[in-house]
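Atom set for the values below is all heavy atoms of this structure, side chains included, hydrogens, waters and symmetry mates excluded.
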Amino acid sequence: MSTNKLTTDSDIPVNEIYTAADVTSTDKSLPGEFPFTRGVQSTMYRGKLWTMRQYAGFSTAEESNKRYHYLLNQGVSGLSVAFDLPTQIGYDSDHPLADGEVGKVGVAIDSLEDMEKLFEGIKLENVSTSMTINATGFILLAFYVALARKQGADLNKITGTIQNDILKEYAARGTYIYPPKPSMRIITDIFEWCSKELPKWNTISISGYHIREAGSTAVQEIAFTLSNGKAYVKAALEKGLDINVFGKRLSFFFNAHNNLFEEVAKFRAARRMWAKIMKDLGATDEKAMMLRFHTQTGGSTLTAQQPMNNVSRVTIQTLAAVLGGTQSLHTNGYDEALSLPTEEAAKIALRTQQIVAFESGAADTADPLAGSYFVESLTASVEEAAWQLMSTIDAMGGSVNAIEEGFIQDEIAKSAYRYQQQIEDGSKIIVGVNKFVSEDVNKIPGFKIDDSIQKMQTDKLAALKTKRDQQKVDSILTKLTAAAKTNENLMPLVLEAVECYCTLGEIADTLRGVFGEYK
């Protein structure tokens, strides 16, 4: 018998063997039943497969539009937009702080004109679009709605998600603009406005993904994410919104890493926990208690060494997401530790999902790992550890306070440091990095962004400003300033501003003038 002490990545001990005695949970629910441990639909993927999204967006709107048409032709069922850093933090492409960053990690969107180019030839009624945008999420949503109106679309049929999760930006990622309180106000404005105007839109995707990318464990990922979720729900309740209405439009975004069974347990535990949280906060409609989530495979798990090994990693992570019951999935390209994914890498990533869906049998029955002594025991252990962490945050007064005091940031940093130490001392093996290393030189061509894009975007902005009605622009921005100083919902005015071709930077700056910037 081996006496090696093994643990999961969250330091949960792993026994040599599991028996019925290790399963202490009394949860005997079926898929589609509260607390949804086994999935949010009774038939899961037999009824409908997860949405196969591919995250794309780079350079200009015109270039990204070509990639979207390519992906739609390859069989993706949902688009997922990556925005460049200036767009994410509310700067137009001609701003001095945008210099050198335009179109680099995503597409540059400065105005409704860019949004029109981004979705040219694509009917918004026919696709589900996820936008990875937070601080400026309200402006990008307004661009999208303005475009849908121009297309003559029925807003009741428009589906998609804005990430819109500002709390994790303060904790893990850093693309915030305003202080936490005005940021929370904007988010609840979006909840309220969408519940009336855009009923099928997911108004927030509460994100554990970036918390995990910053170095957290699986347990921390769900504990911090669900704590943030609680903070958003409480803010909406304080605004007088109905939990049974806005609760149905909350979605989550998780990471999938390589420890297959811990990842499956994490997804199952998160569903069970969120159902209980929402019930305790007053939800009576079961649909408002369901944790629906998008998954992306783990960017931080990809290695620049022996990059083709990443195809295997992404396959394991895809299986974890599917066995864990995800509603939509993006698979990373094998070359993303080197550059943005090439078209070939993006295609292999999509084919990985299609092979798991149609060839592996993993999608044939709901929650196929249910009843496994190991998985049931691990689900309970992950849940217990996550509740403990959440109770610490609750004692501090919730996520906003825990972030302001630096608690969440410190916990993530400690985990990241411990993980790096394990790689360096060899106790954690990363194939091709600290074991099974080869001297092969990487010959994979990277995807390069042309530096001329900044000039193209700047020229487009200059041309736009000469042809729009400047009087209308000045008037609406003055109205927006006044409204920001009251409790008025800002979304109708932001929509009016984008329809007058106000730029993203102009709208963000108008609110900077009222709310200030978070330092």
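Side-chain contact annotation: S399 with N228, donor-acceptor N/O pair under 3.5 Å present. Remark: the S207 side chain and the D165 side chain contain no N/O donor-acceptor pair separated by less than 3.5 Å. A donor atom on one side chain and an acceptor atom on the other are found under 3.5 Å apart for N332 and T297. For the 3.5 Å distance criterion, the side chains of T217 and R418 fail to qualify, holding no donor opposite an acceptor. A side-chain donor-acceptor contact under 3.5 Å links S300 and E213. Checked by atom type, the side-chain pair D425/S427 shows a donor-acceptor distance below 3.5 Å. Q317 and N258 form a side-chain donor-acceptor contact under 3.5 Å, judged by distance and modelled atom types alone. For the residue pair T175 / E169, a side-chain donor-acceptor distance below 3.5 Å is found, with atom types taken as modelled. In this model, a donor atom of one side chain and an acceptor atom of the other lie less than 3.5 Å apart for R53 and S128.
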Exercise for review: Begin from the C-alpha positions of D27 and S25 and carry the test side-chain hydrogen bond (donor to acceptor under 3.5 Å, both in side chains) through to its verdict.
Suggested key: CA-CA 5 Å; D27 177 7; S25 170; 5.0 Å; no
Practice item. Evaluate the side-chain contact (heavy atoms from CB on, under 4.5 Å) criterion for residues T129 and F119: first the C-alpha distance (whole Å), next the side-chain angles of each, then the deciding distance (0.1 Å), finally the verdict. Key: CA-CA 10 Å; T129 303; F119 289 100; 3.8 Å; yes
Review point. Passes side-chain contact (heavy atoms from CB on, under 4.5 Å), F191 versus K239? Steps please.
Key: CA-CA 10 Å; F191 288 179; K239 195 164 179 139; over 6 Å; no
Exercise for review: For L141 and C194, run side-chain contact (heavy atoms from CB on, under 4.5 Å): C-alpha distance rounded to whole Å, both residues' side-chain angles, the deciding distance at 0.1 Å, then the answer.
Suggested key: CA-CA 10 Å; L141 177 62; C194 286; 3.7 Å; yes
Exercise for review: Would you check, one step at a time, whether the test side-chain contact (heavy atoms from CB on, under 4.5 Å) holds for I158 with K200?
Suggested key: CA-CA 6 Å; I158 295 292; K200 286 192 169 174; over 6 Å; no
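At distances below 3.5 Å, at least one donor-acceptor pair connects side-chain atoms of N164 with backbone N or O atoms of T203. Remark: the backbone N or O of A235 is not paired with any side-chain donor or acceptor of T188 at under 3.5 angstrom. Panel note: side chain N244, backbone A288; no donor-acceptor pair is recorded below 3.5 Å. Of the possible donor and acceptor atoms, none in the side chain of D22 sits under 3.5 Å from a partner among the backbone N and O of Y373. For N255 (side chain) and H210 (main-chain N/O), no donor-acceptor pair under 3.5 Å exists by modelled atom type. Of the possible donor and acceptor atoms, one in the side chain of R271 sits under 3.5 Å from a partner among the backbone N and O of G324. The backbone N or O of Y178 lies less than 3.5 Å from a partner atom in the side chain of S183, making a donor-acceptor pair.
Here OG1 of T379 is found 11.0 Å from CZ of R38. Values are rounded to the nearest 0.5 Å. Of the inter-residue distances, the one linking L291 atom CG with L250 atom CG reads 9.5 Å to the nearest 0.5 angstrom. Remark: I403 CD1 to F224 CZ distance equals 9.5 Å, nearest 0.5 Å.
Nearest approach of D84 to G103, heavy atoms of both residues: OD2-N, 2.8 Å. Scanning all heavy atoms of the two residues, the minimum distance from I204 to Q163 falls at CG1-O, 3.3 Å. Between V382 and A269, the closest heavy-atom pair is CG1-CB, 4.1 Å. Across all non-hydrogen atoms, the minimal contact from A98 to S93 is CB-O, 3.9 Å. The minimum heavy-atom distance linking L480 with I507 is given by the pair CD2-CG2, 3.9 Å. The nearest pair of heavy atoms linking T136 to I89 is CG2-C, 4.3 Å.
The pair R268-E376 counts as a salt bridge, with a side-chain nitrogen and a carboxylate oxygen less than 4.0 angstrom apart. Here D189 pairs with R185 in a salt bridge; the nearest charged N to carboxylate O distance falls below 4.0 Å.
A 4.5 Å side-chain heavy-atom check between I166 and Y176 finds at least one atom pair inside the cut-off. Taking 4.5 Å as the limit, every side-chain heavy atom of I408 sits out of range of all side-chain heavy atoms of K168. At a threshold of 4.5 Å between non-hydrogen side-chain atoms, the residues M278 and M273 do not count as touching. Using a 4.5 Å cut-off on side-chain heavy atoms (C-beta onward), T392 and Q388 make no contact. You'll find the side chain of L118 stays beyond 4.5 Å of the side chain of F143, heavy atoms only. Side chains of V145 and E197 form no contact here, defined as non-hydrogen atoms less than 4.5 Å apart. Under the 4.5 Å side-chain criterion, counting only non-hydrogen atoms from C-beta, T159 is not in contact with W201. The shortest distance between side-chain heavy atoms of D367 and F267 does not fall below 4.5 Å.
Counting non-hydrogen atoms of other residues, nucleotides and ligands closer than 6.0 Å to CG of N487 gives a total of 12 or fewer. By the neighbour-count criterion of 12 heavy atoms within 6.0 Å, atom OH of Y518 is densely surrounded, having more than that number from other residues, nucleotides or ligands.
Between Y18 and F374, the ring centre distance stays below 6.0 Å. Checked against a 6.0 Å centroid threshold, the rings of F138 and W193 do not count as neighbours.
For the pair K279 and F34, the cation-pi test (distance below 6.0 Å, angle within 45°) is passed. The side-chain tip of R249 does not point at the ring of Y232 from less than 6.0 angstrom away and within 45° of straight on.
Test F253, F36, F254, F252 against F293 for ring-ring contact (aromatic ring centres under 6.0 Å, His included) and you get one pass: F254.
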